[in-house]
Enquirer: 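I have a structure here, written as structure tokens, and I will follow up with some questions on it.
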Number of protein chains: 2
Amino acid sequence: MRRDVFQAIADPTRRAIIALIALQSLTPNTIAENFNTSRQSISKHLRILTECELVHQEQQGREIYYSLKIEKMKEIDAWLEQYRKIWETRFNQLENVLSTIKKQAK
Amino acid sequence: MRRDVFQAIADPTRRAIIALIALQSLTPNTIAENFNTSRQSISKHLRILTECELVHQEQQGREIYYSLKIEKMKEIDAWLEQYRKIWETRFNQLENVLSTIKKQAK
DNA sequence: ATTTTGCGCAACCAAAAAGTTGCATATATA
DNA sequence: TATATATGCAACTTTTTGGTTGCGCAAAAT
């Protein structure tokens, strides 16, 4: 059972859940109301998100509030960093080319 | 058949392929040499990456060179942006709290 | 011209994932 | 106390995915 952040965000429903609980804690039922799927399937997605340590649970009476562990999202950001470097370099190279052309035009 | 960038990067082999061809174009055979899986399975991953428009193919005789379309990676970056805003805001809030504590300490 | 090489594609298979159904458990409420 | 509500969990089904095998085709090498 692969269980990492990349796997977690691969599913569109999970990305939508992430977006929902990014700013406020919500219960499974409330989350499920936003989708046209069953509570149980949302529950399953929440379990996966929990296993990936992407969400935090807080029991309050018989309700469980789920919220996003935003720090975990930084893992994706960190992975992306290497590619960000590449596209920035390419952009700079393009800039150099453009400025060279400019100079030659004078 | 869902086919988006998030689905593409969900598989560790595909992430490794992306890393491999990020800086230089490679043929399927060369890519496959870096893994202990068959050429065909790599070929299949390349097809998925192509369908997601994450890679670019360039035929050269009977060889096909694959390279990363780095711009596509920016889609992930764009998606991440909304969460980056959140964690930066939270950091600033923490900063405010800390500076308030500092002031009170004086 | 024949053989080898690089590749994609389709068919198949096993494993995993997504969703459903049914239940158990704990907390509220009447 | 009996009932309703919120939830997790396990079993089952269907769909998707990753991988293999076996082709066919075109380009290179012999």
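Letters go in sequence order (proteins before strands), and every chain restarts at 1. Quantities reported herein were computed from a predicted structural model and do not represent experimental measurements.
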Enquirer: Would you mind reading off the distance between D11(A) atom CG and dT15(D) atom P, rounded to a whole angstrom?
Expert: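 From D11(A) CG to dT15(D) P: 16 Å.
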Enquirer: Rounding to a whole Å, what distance do you find between R47(B):CZ and dG18(D):C1'?
Expert: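 Roughly 12 Å, once rounded to whole Å.
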Enquirer: Which residue lies toward the 5' end of DNA chain C, G61(A) or N36(A), if each is placed at its nearest nucleotide?
Expert: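 Checking each residue's closest nucleotide, the 5'-ward one belongs to N36(A).
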Enquirer: Where the side chain of I48(B) is defined as all heavy atoms beyond and including C-beta, which of dG18(D), dT7(D), dT20(C) is the nearest nucleotide?
Expert: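 Closest nucleotide to the I48(B) side chain: dG18(D).
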Enquirer: Tell me, please, which residues at least two apart from E81(A) pass side-chain hydrogen bond (donor to acceptor under 3.5 Å, both in side chains).
Expert: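 By the side-chain hydrogen bond (donor to acceptor under 3.5 Å, both in side chains) rule, E81(A) matches R84(A).
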Enquirer: When the distance from CD1 of I42(A) to C1' of dG19(C) is rounded to whole Å, what number comes out?
Expert: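 To the nearest whole Å, that distance equals 11 Å.
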Enquirer: How do Q60(A) and P28(B) order along DNA chain C: which one's closest nucleotide is nearer the 5' end?
Expert: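 So the residue in question is P28(B).
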Enquirer: For dG19(C), take OP1 and OP2 only and decide whether either is under 4.0 Å from a side-chain N or O of H45(A).
Expert: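 Yes, because at least one side-chain N or O of H45(A) sits under 4.0 Å from OP1 or OP2 of dG19(C).
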Enquirer: Counting just side-chain N and O atoms, does T27(B) come under 4.0 Å of either OP1 or OP2 of dC7(C)?
Expert: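 Yes, T27(B) has a side-chain N/O under 4.0 Å of OP1/OP2 on dC7(C).
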Enquirer: For dT7(D), take OP1 and OP2 only and decide whether either is under 4.0 Å from a side-chain N or O of S43(A).
Expert: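 Answer no for this pair, as no side-chain N or O of S43(A) is under 4.0 Å from OP1 or OP2.
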Enquirer: Donor-acceptor pair under 3.5 Å: do we get one between R62(A)'s side chain and the base of dT5(D)?
Expert: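 It does, because a donor-acceptor pair links the side chain of R62(A) to the base of dT5(D) below 3.5 Å.
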Enquirer: I need the single residue from I9(B), I18(B), V5(B), D11(B) that forms a side chain to side chain contact (heavy atoms under 4.5 Å, CB included) with L49(B). Which is it?
Expert: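 For L49(B), the side chain to side chain contact (heavy atoms under 4.5 Å, CB included) test succeeds with only one of I9(B), I18(B), V5(B), D11(B), which is I18(B).
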Enquirer: In whole angstrom, give the distance that lies between atom OH of Y65(A) and atom P of dT7(D).
Expert: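 Distance check: Y65(A) OH to dT7(D) P gives 8 Å.
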Enquirer: Taking atom C1' of dG18(D) as reference, at what distance in whole Å does atom CZ of R3(B) sit?
Expert: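 The answer, rounded to whole Å, is 11 Å.
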Enquirer: N29(B) side chain: which of dC7(C), dG18(D), dT7(D) is closest?
Expert: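 Side chain of N29(B) sits closest to dC7(C).
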Enquirer: Would you mind reading off the distance between E63(B) atom CD and dA27(D) atom C1', rounded to a whole angstrom?
Expert: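 Going from CD in E63(B) over to C1' in dA27(D) covers 10 Å.
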Enquirer: Does the base of dG19(D) carry an N or O that pairs as donor and acceptor with the side chain of R39(B) under 3.5 Å?
Expert: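 Under the 3.5 Å cut-off, the side chain and the base do not form any donor-acceptor pair.
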Enquirer: Would you check, one step at a time, whether the test side-chain contact (heavy atoms from CB on, under 4.5 Å) holds for L20(B) with F35(B)?
Expert: CA-CA 11 Å; L20(B) 264 176; F35(B) 301 90; 3.7 Å; yes
Enquirer: Between the base of dG22(D) and the side chain of Q40(B), is there a donor-acceptor distance below 3.5 Å?
Expert: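 Checked by distance alone, the answer is yes.
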Enquirer: Between atom CD1 in I64(A) and atom P in dC9(D), what is the gap in whole Å?
Expert: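 The distance from CD1 of I64(A) to P of dC9(D) comes to 8 Å, rounded to the nearest Å.
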Enquirer: Return the minimal non-hydrogen interatomic distance between L46(B) and I17(B), and the atom names on each side.
Expert: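 L46(B) and I17(B) have their closest heavy atoms at CD2-CG2, 4.0 Å.
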Enquirer: Could you list all the salt bridge (Lys or Arg N to Asp or Glu O under 4.0 Å) pairs where at least one residue sits in residues 62-73 of chain A, not counting sequence neighbours?
Expert: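 Applying salt bridge (Lys or Arg N to Asp or Glu O under 4.0 Å) to every pair that reaches into residues 62-73 of chain A, excluding sequence neighbours, yields E53(A)-K72(A), K72(A)-E75(A).
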Enquirer: Would you mind reading off the distance between K44(A) atom NZ and dC9(D) atom P, rounded to a whole angstrom?
Expert: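 Atom-to-atom, K44(A) to dC9(D), this comes out as 12 Å.
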Enquirer: Using OP1 and OP2 only, check whether a side-chain N or O of T37(B) sits under 4.0 Å from dT20(D).
Expert: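 T37(B) to dT20(D) OP1/OP2: side-chain N or O found under 4.0 Å.
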